[in-house]
Amino acid sequence: MIYRWILENIKGDRWIWFIALSLSILSLLVVYSATGSLAYQKMQGNTEYYLFKHFFLILLSFVAMWFTHKIDYKYFSQISKICLYACIPLLLFTWKFGLNINDASRWINIPILNQAFQPSDLAKLSLIVYLSSYLSKHQMNIQNIKETLIFPLIWISIICLLIALTNFSSSVLLFVTCIILLFISRVPIKYLSVLLISFVFAGSIAMFIGQRGQTVISRFENFIEKKEIPFQLKQAYIAVSTGGLFGKGPGKSNQKNFLPQSYSDFIYAIIIEEYGLLTGLFVLVLYLFLLYRGLVTLMKSERAFGGLLSAGLSFALVIQAIINMCVVVGLLPVTGLTLPLVSMGGTSQLFTGITLGIILSVSRYNEDENNNNLVYDKII
Amino acid sequence: MNIKKSILFNAKISFLVVVLFSSLIIYRIFILQFKEGNHWNKISENMNLSLLDIKANRGSILSDDRSILATSLPFYKVAFDPSIVSNSLFTKKIDSLSLLLSNFFNDRSKESYKSLIKKGKDSGKKYIILNRKRINYEEKEILSKWPIFNEGRLKGGVIFEKIEKRYRPFSKLGYRTIGSVDENYNGTVGLEYSFNNYLIGKDGKALYQKIAGNNWKPVFDGNEVNPENGYDVLTTININIQDIAETALLNGLVSNNAEYGCAIIMDVKSGEIKAISNLSRNSKGRYVELYNYAIGSQGSREPGSTFKLASMLALFEDSKLELIDTVDTGKGEYKFYTEIMKDHKEGGYGKITVKDVFEQSSNIGVAKLIEDHFKDSPSKFLKYINKFGLSKDLNFQMIGYGKPFIKNSNDSSWSKVSLPWMAHGYELKVTPLQTLSFYNAIANNGRFVKPLIVKKIIKANNVIEEFDTEVFEDKIASNKSIQKAKVLLEGVVERGTAKNINNSYYKIAGKTGTAKKVINGRYVNKYYTSFVGFFPSDKPQYSCIVVIDEPKNYRIYGSDVAAPVFREISDRILLTDYNVFNEFQKTEITNNNFPLIRSGFRNDLIDISNHFGISNHSNTDDDWVKTKVIDNSISWESNKSGINLIPNVIGMTYRDALYLLEKKGLKVNFSGSGRVKNQSILPGKNIKNYSTIHLSLR
């Protein structure tokens with residue numbers, strides 16, 4: 001019965017469903033443990049409150065994922081363009097009037113739902129969808145900067161700059177994802193290097209106009225000079241190093257009490273502390289496997305748009321995860337990036353669900369359209 | 001290569017890069033676990049992190065004009081570790097240190113201090129408490145300049161232990177009512193106890209790291225749970241009236257050599273208690289506040305003649321008794337069933353009017369009237385007593401208040417003599433507060449209001465909870481009866497037992513009471529005297545009760561003992577001009593060099609003030625405040641400006657002013673040094689019209 005229902009209703013790459021489900025279950029366990037810490041004693045010790053809230057958001061993101069994967073992905077091309085235009089005022093509004101949490105106004109409040117959300121999440125998704133659509137349409141003329149490349153470059157600049165005003169690390173992440181997407185779409189490397197240089201230049205300007213200049217500079221200084229390991233990182237190291245191969249056991253983390261943001265940015269440290277190095281490796285492998293499945297979708301896709309879309313989105317997701325883990329083990333300076341699918345992250349989790357939904361939608365249509373008309377060679 | 005293949009190839013390259021990064025992560029985890037494992041383990045052990053409570057500040061208790069009655073301030077206990085002081089320094093300076101200690105604490109001789117310290121040093125003690133007296137911050141600063149002490153904690157061995165202390169600017173004034181706290185900062189008695197839940201606040205928590213010397217340093221990792229400071233309790237106590245009551249009561253007790261006494265003053269209309277004073281003799285024979293006899297259950301006593309008013313009122317309500325009707329009180333002795341009742345006057349009053357019965361306080365007169373009218377239905381009489389509020393639970397705001405004990409006619413202890421004895425205030429027990437509330441209702445034209453001592457619970461300027469005047473009974477008796485009662489009460493002062501306090505300036509209405517005390521179940525010749533009433537009686541403003549227990553200097557009657565205290569209180573409240581109040585001096589906490597704080601960031605200023613032991617409280621929740629100095633305390637007032645308006649930075653330090661102005665996007669330049677004296681753009685101007693502001697400092 002259930003098996004048949006699943007067969008009929010859960011379409012697309014089953015492995016991706018499996019990865020999302022495994023990470024979500026792990027997420028529930030670790031977040032519940034980590035929210036038992038000091039930061040959450042604010043709720044009079046009612047940690048169940050966070051457990052239920054988090055569970056609800058996971059459920060919601062799965063619903064979003066399911067709905068998105070039912071939609072034919074060709075519609076996303078249109079939607080993304082509208083969203084992209086809408087993002088410009090939204091991001092400006094956030095910069096000027098957004099909710100201020102931890103010295104950065106990254107959130108705006110949705111009036112009726114009374115729920116804070118980050119317009120940068122929407123902008124990121126829209127930009128990648130738009131780029132995939134645009135680049136797939138112009139594969140014939142991809143090397144022509146004046147006619148073809150100018151529009152995506154303008155869009156990348158605008159969106160990344162606007163996000164950089166309030167959230168520097170997200171902006172860098174998005175930019176890196178775009179570069180990879182451009183690279184996969186066969187944009188010549190020389191253009192990409194020019195783009196990289198101009199971004200560094202523009203980025204430093206945005207840092208000084210925006211709110212995050214000082215934070216970014218001081219974090220970089222700390223990271224490069226290595227004078228003293230910051231408190232947060234020290235606690236993360238202790239968590240990672242005391243975890244051992246098999247961990248201290250569920251809920252037994254000691255560092256969750258001392259490690260700020262243990263339920264979001266630094267959840268990977270708690271995973272290793274409680275479940276051990278092997279689970280940590282397993283999580284890492286799951287993300288790589290997710291990326292691999294994204295590329296399999298690209299491979300199977302008969303339409304260039306679908307392929308690029310699934311590649312771009314899976315890279316976006318997995319790179320964020322990799323950066324997050326790099327931060328935890330001290331390979332990169334402290335950013336504010338969460339571990340997608342695992343961290344407690346509010347509405348961001350919904351966008352992760354939608355992102356996976358789109359990839360699934362592509363893989364679903366690959367299965368349906370084995371003998372389709374729009375093949376690569378026909379574009380050429 | 002076709003397009004798809006090329007795309008796939010690029011995608012695979014990107015994938016490989018990601019895998020490469022992942023292997024770096026794995027490498028780092030291995031390094032952290034296996035190579036640096038011991039290192040981090042050791043750090044984790046040495047971190048000595050601990051979650052510690054951050055004590056919330058206990059709220060203050062405020063008087064009706066928001067003067068502070070009790071607040072929390074830091075004080076210091078002086079201890080000494082002689083073991084770490086070098087021998088040469090010790091022998092050289094011990095004499096001068098002992099002398100200074102002796103002069104400062106003024107409790108032991110120089111030699112005594114010297115031998116105390118020397119003994120400690122010789123026996124290798126590491127901790128000697130030099131004195132149990134707690135010193136304030138300024139005194140601490142003086143002490144730390146003394147020889148040996150000036151070498152500091154690590155060489156000089158001086159230990160200043162910080163102790164938050166409940167500080168009462170008015171010292172012992174109303175001590176028992178305001179209450180006190182224990183070493184854990186929980187209220188033990190009085191308002192401190194009754195309103196402990198409001199005052200106590202909620203402790204916060206933060207991560208602390210242990211550092212050298214057994215001290216804890218906060219980590220400030222952004223996760224701390226801030227303490228919520230306790231609420232302030234705004235009482236109805238008026239400091240001037242409280243002082244008047246206390247002074248008058250003390251005079252009364254001293255001149256009568258009495259055991260204890262209490263006085264309550266209540267605002268007639270609102271039932272707000274303006275003063276409660278309790279004084280009893282301690283073991284050294286001095287009068288201090290030891291127990292709240294005015295409201296506490298131990299203060300519940302047989303009231304005696306003050307209860308007669310209730311009997312008369314019941315008669316007025318239930319019969320056509322007129323003031324000019326007569327009663328035969330006989331020759332001063334009258335036998336009710338088995339018991340003999342006596343009047344004070346030798347030979348008795350004979351046949352007198354109802355008015356005289358009350359004014360002269362004839363026990364037999366009242367008892368006979370009540371017995372005649374209610375003997376067949378004593379429960380009817382009790383119903384009136386209940387309606388008058390005398391047997392009602394006052395539900396008073398202070399824990400431990402005494403509840404009235406009034407017999408029921410079907411109780412087993414009820415006998416035939418109960419009624420006549422109750423009629424003149426025996427075989428029942430009430431607190432002074434209960435009696436006062438009844439008299440207050442007469443003054444208030446029959447409206448019985450519940451006595452009130454706490455009006456509001458506040459946090460800065462926000463009212464958290466408000467307690468309004470509660471009306472228990474809108475009309476305890478008809479206007480006609482109330483009117484008769486008032487005539488009786490005025491008569492007591494004009495012609496009757498309390499004519500000694502009559503005066504031509506204003507009218508007092510009241511009743512004396514002199515009850516024999518019961519010791520070991522027998523009435524003895526020891527007395528419980530009282531006077532209760534209101535003034536000015538033609539337009540009652542305050543009601544007041546004065547109780548003095550066991551006067552010993554040959555005066556035994558309420559009229560001679562309690563009434564003069566009442567008069568002194570009413571005189572000073574009504575007649576004395578306010579200059580008199582200024583004679584009352586508060587204990588000075590600063591040596592007349594009150595520090596200059598004008599405005600700035602509220603939390604900083606609170607920290608500074610608490611550190612220096614300056615009493616302060618907030619009238620606002622805003623971050624930026626100005627100051628208002630009231631007596632010896634500081635009140636923080638809001639200094640907020642509109643979003644697009646120039647803020648007022650006068651009086652701030654340059655640093656604070658710079659922060660505020662630059663945050664608003666203004667360029668700031670300045671001249672001079674010190675605090676901001678002038679700002680070139682006036683506060684309140686629209687910020688958009690300006691780009692630069694000049695500050696002159698001084």
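All values derive from a computational prediction rather than experimental measurement.
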- So, for B/K4 and A/L298, which heavy atoms are closest and what is the spacing to 0.1 Å? CE-O, 4.1 Å
- Would you mind reporting whether B/Q33 and A/I272 have side-chain heavy atoms less than 4.5 Å apart? yes
- Task: Assess whether atom CG of B/N38 is packed by more than 12 heavy atoms of other residues, nucleotides or ligands within 6.0 Å.
- Result: no
- With sequence neighbours excluded, residues passing side chain to side chain contact (heavy atoms under 4.5 Å, CB included) with B/S14: A/I180, A/F183, A/I184, A/F315
- Task: Let me know which of A/L331, A/V329, A/I322 forms a side-chain contact (heavy atoms from CB on, under 4.5 Å) with B/L24.
- Result: A/L331
- Query: Just wondering, more than 12 heavy atoms not from B/Y231 lying within 6.0 Å of its OH?
  - Reply: no
- Query: Heavy-atom count around B/Y193 OH within 6.0 Å, excluding the residue itself: above 12?
  - Reply: no
- Message: Could you check whether atom NZ of B/K459 has more than 12 heavy atoms from other residues, nucleotides or ligands sitting under 6.0 Å from it?
- Response: yes
- Counting only heavy atoms closer than 4.5 Å, note whether A/Q235 contacts chain B via side chain, backbone, both or neither. side chain
- Item | Parallel, tilted or perpendicular: rings of A/Y237 and B/W40 (30°, 60°) | perpendicular
- Message: To the nearest 0.5 Å, what is the distance between CD1 on A/I238 and CG on B/L32?
- Response: 10.5 Å
- Would you mind reporting whether A/V318 and B/F15 have side-chain heavy atoms less than 4.5 Å apart? no
- Please examine the side chains of A/R186 and B/F9, heavy atoms only from C-beta on, and report whether any two atoms are closer than 4.5 Å. no
- Item | B/I31 versus chain A, the contacting section by heavy-atom distance below 4.5 Å | neither
- Is the number of heavy atoms from other residues, nucleotides or ligands within 6.0 Å of OH (A/Y191) greater than 12? yes
- Message: Nearest 0.5 angstrom please: B/I29 CD1 to A/L281 CG, how far?
- Response: 6.0 Å
- Could you walk me through whether B/V19 and A/L291 pass the side-chain contact (heavy atoms from CB on, under 4.5 Å) test, one step at a time? CA-CA 10 Å; B/V19 172; A/L291 186 58; over 6 Å; no
- Should the heavy atoms of other residues, nucleotides or ligands under 6.0 Å from CG of B/L16 be counted, would the total exceed 12? yes
- Go through A/L284, A/I323, A/L245 and name the one with the most non-hydrogen pairs under 4.5 angstrom from chain B. A/L284
- Sequence neighbours left out, what pairs pass salt bridge (charged side-chain N to carboxylate O under 4.0 Å, His left out) with at least one residue falling in residues 288-297 of chain A? A/D13-A/R293
- Item | Greater than 12 external heavy atoms within 6.0 Å of A/Y292's OH | no
- Message: Looking at every heavy atom in both A/S241 and B/G37, which two are closest together, and how far apart are they?
- Response: OG-O, 4.0 Å
- Note on the structure: OH of A/Y268 to CD1 of B/I25, rounded to nearest 0.5 Å, is 6.5 Å
